[in-house]
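Since the structure comes first, as structure tokens, the remarks are kept for the end.
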Amino acid sequence: MENKVFCFGLIVGDFLGRPVKDIPEKGKLVLIDKVELHIGGCAANTGIVLSKLGISVSISGNVGDDNLGRFLISKLKDEGVDVSQIKTSKIKNTSGSMVIVHSDGERSFIHSIGANSDLHLEEIDFEYISNFPIIHIAGALLMPGFDGKPLAETLKRAKKMGLITSLDTAWDATGKWLELIEDALQYTDYFLPSIEEAKMLTGQTTPEDIAKFLMDKGVKNVGLKMGGDGSFICNEKEKYRFHPLKFDVVDTTGCGDAYVAGFITGIVKGFSFEKCGLLANLVGAKAATAIGATAGITSYEDTLEFGKKFGYRF
């Protein structure tokens, strides 16, 4: 398989503050150790980690015609990601999130959809993506101009072109959940949501029941990101549960996106289903060793070296 991946979806500026113990009352102020600006968004995070793991990546999405948008494009370029398919909106501002990092490394988010609301099927250059073996759509449920029928049509056309399809979700603040992605699941080779999102989508509570529900809808392979409980992968023939790695967590921002990048890297490298899950579990954990969504990953080799401490061998 060619060593390249096409990502489509959310590109966001993340304003991180840590550690946040209390939210101040109106008109008051609390002090924290750090406030930093990072690139974020499912597509951007996964794309950058893929690039750091040695995969050639092109990303498509929207930013605004503003300083934050220019920063994000510059950062993606610096990380070796092809940005030729990114569109600049003259109407909407670049999407941004205030990321509240709690003292235990967990996060809360305050989000503005911004230019990501203008992502549409018509903006996808299918002739361009035909050159890629894998398309990963990142941020379903948080792209109001793309969720629903456009998402399903994109994956359907990608499958007809012979591409492997991968899908990740974001938290649906509108409460529509399955309504927005049900039609797309039959065209999804790899579905990689968080366990909490998957519970909301399926109405199920256990990883096994969630996976069965999704596979009954047509998904070929399911990977569930379960945070402190590790991860779970399943298809019609195999299922595996991977335990979390034990280390001092710095920041869990972007761990789910890194997990996805690890899984896709395994697919590109021709790994078995089990090894794809192992690599995803490792990369997701490694992302939590530094502040920011992608700073914890430096290279494929460094990630494998980190994994040796926990008995991981590839």
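Owing to the predicted nature of the structure, the values given are computational and were not obtained by experimental measurement.
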Tell me if a side-chain donor or acceptor on [X] pairs with a main-chain N or O of [Y] at a distance below 3.5 Å.
X    : Y    : value
D14  : L16  : no
K87  : E123 : yes
N116 : V12  : no
S117 : G114 : yes
S97  : F109 : no
S51  : G47  : no
T169 : A140 : no
N62  : D118 : yes
T188 : F191 : no

- Query: Please walk me through it: do D257 and T294 pass side-chain contact (heavy atoms from CB on, under 4.5 Å)?
  - Reply: CA-CA 9 Å; D257 301 327; T294 62; over 6 Å; no

Would you mind writing out the side-chain donor-acceptor pairs for residues 230-244 within the sub-3.5 Å range, not counting sequence neighbours?
unit_1: S231; atom_1: OG; unit_2: N281; atom_2: OD1; d: 2.8
unit_1: N235; atom_1: OD1; unit_2: K237; atom_2: N; d: 2.9
unit_1: N235; atom_1: OD1; unit_2: E238; atom_2: N; d: 2.7
unit_1: N235; atom_1: ND2; unit_2: N221; atom_2: OD1; d: 3.1
unit_1: E238; atom_1: OE1; unit_2: Y240; atom_2: OH; d: 2.6

Below 4.5 Å, heavy atoms only, C-beta onward: do [X] and [Y] meet side chain to side chain?
X    : Y    : result
P193 : L224 : yes
L141 : L201 : yes
E196 : M200 : no
M1   : I134 : yes
P19  : D33  : yes
H102 : I100 : yes
D172 : D147 : no
E79  : K75  : yes

- For E36 and H38, test the side chains for any donor-to-acceptor distance below 3.5 angstrom and give the result as yes or no. yes

- Message: Just by distance, no angles: are the side chains of S60 and Y128 close enough, under 3.5 Å, to form a donor-acceptor pair?
- Response: no

Under 4.0 Å between a side-chain nitrogen and a carboxylate oxygen: does that hold for [X] and [Y]?
X    : Y    : answer
R70  : D65  : yes
E208 : K212 : no
K225 : D168 : yes
K286 : D302 : yes

- Reference residue F306; test ring pair (Phe, Tyr, Trp, His ring centres under 6.0 Å); the match among Y300, F247, Y312: F247

Following the transitive rule for hydrophobic clusters with a side-chain heavy-atom cut-off under 4.5 Å over Ile, Leu, Val, Met, Phe, Trp and Tyr, establish whether [X] and [Y] coincide in one cluster.
X    : Y    : result
V99  : F15  : no
F132 : L167 : yes
I181 : V222 : yes
L185 : L163 : yes

Identify the heavy atoms of [X] and [Y] that sit nearest to each other, and give their distance.
X    : Y    : result
S299 : T303 : O-OG1, 2.8 Å
N45  : I39  : OD1-O, 3.5 Å
C7   : V57  : SG-CG1, 4.2 Å
S95  : I11  : CB-O, 3.8 Å
H120 : G145 : ND1-O, 3.2 Å
K217 : E182 : NZ-OE2, 2.6 Å

Could you state the interatomic distance from [atom1] ([X]) to [atom2] ([Y]), rounded to the nearest 0.5 Å?
X    : Y    : atom1 : atom2 : answer
I23  : K28  : CD1   : NZ    : 14.5 Å
T265 : K52  : OG1   : NZ    : 13.0 Å
N131 : K4   : CG    : NZ    : 5.0 Å
F8   : I86  : CZ    : CD1   : 11.5 Å
K308 : R313 : NZ    : CZ    : 6.0 Å
R18  : I32  : CZ    : CD1   : 9.5 Å

- Query: Would one find more than 12 heavy atoms of other residues, nucleotides or ligands at under 6.0 Å from atom CG of D248?
  - Reply: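 Check fails, neighbour count at 12 or below.
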
- Using the side-chain contact (heavy atoms from CB on, under 4.5 Å) rule, pick out the option among D189, I129, I164 that qualifies with I135.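 Exactly one candidate clears the test, I129.
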
- Query: What do the steps show when you test V260 against C42 for side-chain contact (heavy atoms from CB on, under 4.5 Å), and what is the final call?
  - Reply: CA-CA 9 Å; V260 172; C42 310; over 6 Å; no

- Go through the steps to decide whether L68 and V63 satisfy the test side-chain contact (heavy atoms from CB on, under 4.5 Å), and finish with yes or no. CA-CA 8 Å; L68 183 57; V63 297; over 6 Å; no

- Message: side-chain contact (heavy atoms from CB on, under 4.5 Å) for I264 and S166? Distances and angles first, verdict last.
- Response: CA-CA 8 Å; I264 294 174; S166 172; 4.0 Å; yes

